[in-house]
Enquirer: 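Pasting a structure below so you can have a look.
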Amino acid sequence: MNSHDTICAIATAQGGAIGIIRVSGHDAIAITDSIFTPAGNNALPLSERKPNTVCFGYIKRVNSEVIDEVLVTIFRAPHSYTGEDSVEISCHGSSYILQQVMQMLIGAGCRHAAPGEYTQRAFLNGKMDLSQAEAVADLIASTSEAAHRLAMNQMRGHFSRELSFLRDKLLHLTSLMELELDFSDHEELEFADRTELTDISSQIERLITRLINSFNLGNAIKNGIPVAIIGETNAGKSTLLNALVGDERAIVSDIHGTTRDVIEDTVNIDGITFRFIDTAGIRETSDTIENLGIERTYGKISQAEIVLLMADVTEYTSSVLSLISKVQSYCKNKKLIVLCNKIDLRPDFIPTIPSLTSPNNPSSDSISLLTASTPLLSISAKTGKNIDALKHLLVSISGITTSSNEVIVTNIRHLEALTNARTAIYRVCEGISTDLPADLISQDLRLCLFHLSEITGGEITTDEVLGNIFKHFCVGK
């Protein structure tokens with residue numbers, strides 16, 4: 001891509017009443033002027049108008065045939081999205097009109113923009129750093145309030161400010177080490193107090209670790225919190241999935257082993273996206289296909305953040321104990337909710353954790369995952385009883401608040417850079433504690449700075465890195 005070209009692209013989806021074409025580059029205003037006629041006998045051309053103004057007029061062919069009545073908005077560098085002279089042409093949403101205007105712009109000297117080229121130019125022109133540019137794509141793709149808020153916070157620079165704070169700390173640490181190197185001939189001088197160096201490097205390590213640890217939460221918010229619905233056959237798992245998504249998403253039958261594969265669907269609850277996974281019923285069977293489904297069930301349990309353990313209240317204790325004994329090795333460190341289903345058959349049922357001394361309990365280890373604080377909820381997936389209570393419980397147990405302004409990492413590229421930066425700062429901490437020479441410690445400090453700058457795109461970004469990031473954007477952005 002030639003950054004000196006003037007580019008154009010349709011920036012709106014097809015089918016709307018209005019379609020917007022964006023033009024950006026040194027000749028954006030002049031090229032638009034060549035196909036646009038402002039309304040009024042004494043109207044000024046676009047090149048003579050003030051920035052941040054809107055002009056009504058007509059897009060005309062060379063033979064004066066009117067293609068459309070449009071509004072043209074003018075932005076002058078550097079006060080535009082890309083930091084360049086830019087124009088936005090608001091046409092009627094007809095695909096024919098939009099394509100005709102695009103052809104006229106290209107004929108007048110524009111080039112069709114590549115995916116993400118507008119945002120890439122904004123980055124290259126210093127309007128945003130690389131992490132903010134990536135947040136633009138996340139903002140467009142957000143499907144929940146929590147994901148939208150995360151992307152908006154990152155686009156507004158919350159993550160960048162956190163990284164800037166880290167960078168300042170690292171630069172201070174580096175300057176102390178470099179000063180000591182400059183006066184290495186004077187062995188009696190020690191500019192870098194080892195206690196101060198230890199405190200600063202430890203603080204940096206803790207901050208980076210906090211950001212790394214936030215990735216699981218950020219990934220869950222961005223892609224949906226995975227919730228595995230597990231239980232024995234005919235516990236009501238598919239009925240529950242249908243009740244949660246409000247659609248007949250899974251086949252429901254009294255026949256055991258109906259669900260033989262995993263079925264997934266997403267639901268937005270109070271601004272948080274949950275990805276529900278209906279799994280095959282867990283039981284001993286000689287059916288090869290059903291066994292494959294059960295194997296996939298165990299895999300999905302391992303991937304889930306939250307596990308809904310469904311038990312039939314008509315045989316509650318034995319059902320819970322049998323299920324826990326089979327899945328406990330897959331459920332460690334998961335958030336568990338025990339659902340006592342089919343309460344419509346036993347309205348008087350009161351849910352409890354089975355007793356450790358229960359005669360039906362083959363081993364106390366079989367319920368080691370369950371504690372007095374494990375949430376228990378009686379529901380009827382068939383009638384919908386307490387389904388709303390389950391949704392509220394899921395929001396509560398998720399630990400996500402959509403109003404939080406905490407910096408949370410959502411991008412795998414950022415996670416990799418932070419992990420590499422932490423490895424480097426670990427070596428710094430170790431080097432300081434073992435009195436390693438200052439030049440070796442400085443090398444690791446510079447490496448830590450390098451990895452952090454990979455996130456914001458300082459002096460280290462390459463065309464290959466930029467290409468990989470922006471190729472996933474839509475064309476008009």
Side-chain angles (χ1 to χ4, degrees), residues 9 11-13 16 20 22 24 52 73 75 78-83 86 88 115-167 207-208 210-225 266-275 305 395 398-415 417-418 452-458 461 466 469-477:
T12 48
I20 296 175
R22 308 179 90 176
S24 183
N52 306 317
T73 310
F75 304 94
H79 305 295
S80 70
Y81 179 76
T82 60
S86 299
E88 291 187 358
E117 189 168 1
Y118 292 95
T119 305
Q120 182 171 341
R121 289 189 176 199
F123 162 68
L124 293 173
N125 292 325
K127 300 295 290 185
M128 58 181 72
D129 66 33
L130 200 52
S131 69
Q132 290 173 295
E134 289 170 298
V136 173
D138 290 342
L139 187 65
I140 294 170
S142 63
T143 57
S144 68
E145 182 182 351
H148 168 269
R149 189 176 295 277
L150 269 184
M152 185 61 74
N153 286 346
Q154 185 171 323
M155 196 173 75
R156 287 179 169 179
H158 289 200
F159 187 30
S160 300
R161 284 192 288 275
E162 190 88 346
L163 293 174
S164 179
F165 176 77
L166 277 171
R167 184 175 181 274
L207 288 171
I208 294 176
R210 179 175 61 79
L211 290 173
I212 290 172
N213 291 341
S214 73
F215 177 75
N216 285 340
L217 175 60
N219 191 51
I221 293 174
K222 186 175 178 180
N223 299 309
I225 300 173
T266 58
V267 179
N268 189 300
I269 305 174
D270 291 348
I272 301 168
T273 299
F274 291 89
R275 181 157 48 87
E305 293 283 333
V395 171
S398 73
I400 296 173
T401 55
T402 58
S403 60
S404 174
N405 287 323
E406 182 182 355
V407 175
I408 297 174
V409 177
T410 63
N411 188 303
I412 189 68
R413 190 183 71 83
H414 300 170
L415 176 66
L418 286 166
L452 290 179
S453 66
E454 284 183 309
I455 298 173
T456 54
T461 51
L466 294 180
I469 290 170
F470 291 107
K471 71 182 180 182
H472 301 294
F473 278 60
C474 54
V475 171
K477 201 64 181 177

Enquirer: Between atom CD1 of I208 and atom CG of L452, what is the distance when rounded to the nearest 0.5 Å?
Expert: 5.0 Å
Enquirer: Checking Y118 side chain against R22 main chain: does a donor-acceptor pair fall under 3.5 Å?
Expert: yes
Enquirer: Can you measure from OG (S144) to CG (D270) and round to the nearest 0.5 angstrom?
Expert: 11.5 Å
Enquirer: With side-chain contact (heavy atoms from CB on, under 4.5 Å) as the criterion, how do H414 and L163 come out once you've worked through the C-alpha distance, each side chain's angles and the decisive distance to 0.1 Å?
Expert: CA-CA 11 Å; H414 300 170; L163 293 174; over 6 Å; no
Enquirer: Could you go step by step and tell me if K127 and T82 meet the side-chain contact (heavy atoms from CB on, under 4.5 Å) rule?
Expert: CA-CA 7 Å; K127 300 295 290 185; T82 60; over 6 Å; no
Enquirer: Atom CZ of R275 and atom CD of E305: how far apart are they, to the nearest 0.5 Å?
Expert: 9.5 Å
Enquirer: Got E145 and I272 here, is their nearest side-chain heavy-atom distance under 4.5 Å?
Expert: no
Enquirer: Say you draw a straight line from OG1 of T410 to CG of N216; how long is it, rounded to the nearest 0.5 Å?
Expert: 12.5 Å
Enquirer: Between CZ of R210 and CD1 of I212, what distance do you get to the nearest 0.5 Å?
Expert: 11.5 Å
Enquirer: Looking only at heavy atoms, which two atoms of L418 and F159 are closest? And how far apart?
Expert: CD1-CZ, 4.5 Å
Enquirer: Taking all non-hydrogen atoms of both residues into account, name the closest pair between A147 and T143 and its distance.
Expert: CB-N, 4.5 Å
Enquirer: Looking only at heavy atoms, what is the nearest atom pair of S24 and S86, with distance?
Expert: OG-OG, 3.3 Å
Enquirer: Under the criterion side-chain contact (heavy atoms from CB on, under 4.5 Å), I'd like the reasoning laid out for F274 against T266: C-alpha separation, chi angles, the key distance, then a yes or no.
Expert: CA-CA 6 Å; F274 291 89; T266 58; over 6 Å; no
Enquirer: Search all heavy atoms of Q154 against all heavy atoms of S131 and return the closest pair with its distance.
Expert: NE2-O, 2.8 Å
Enquirer: Of all heavy-atom pairs between S160 and Q132, which one has the smallest distance, and what is that distance?
Expert: OG-CG, 3.8 Å
Enquirer: If I compare all heavy atoms of F123 with all of T456, which pair ends up nearest, and what's the gap?
Expert: CE1-O, 3.8 Å
Enquirer: Can you tell me how far the CG atom of N52 sits from the OG atom of S80, to the nearest 0.5 Å?
Expert: 9.5 Å
Enquirer: Carefully, step by step, assess L415 and N219 under the rule side-chain contact (heavy atoms from CB on, under 4.5 Å).
Expert: CA-CA 11 Å; L415 176 66; N219 191 51; over 6 Å; no
Enquirer: With D138, which residues qualify under salt bridge (Lys or Arg N to Asp or Glu O under 4.0 Å), at least two apart?
Expert: K222
Enquirer: Kindly say whether V409 contributes a backbone atom to a donor-acceptor pair with the side chain of S214 at under 3.5 angstrom?
Expert: yes
Enquirer: Got a donor-acceptor contact below 3.5 angstrom from the N125 side chain to the R121 backbone?
Expert: yes
Enquirer: Can you confirm whether R161 is buried at CZ, in the sense that more than 12 heavy atoms of other residues, nucleotides or ligands lie under 6.0 Å from that atom?
Expert: yes
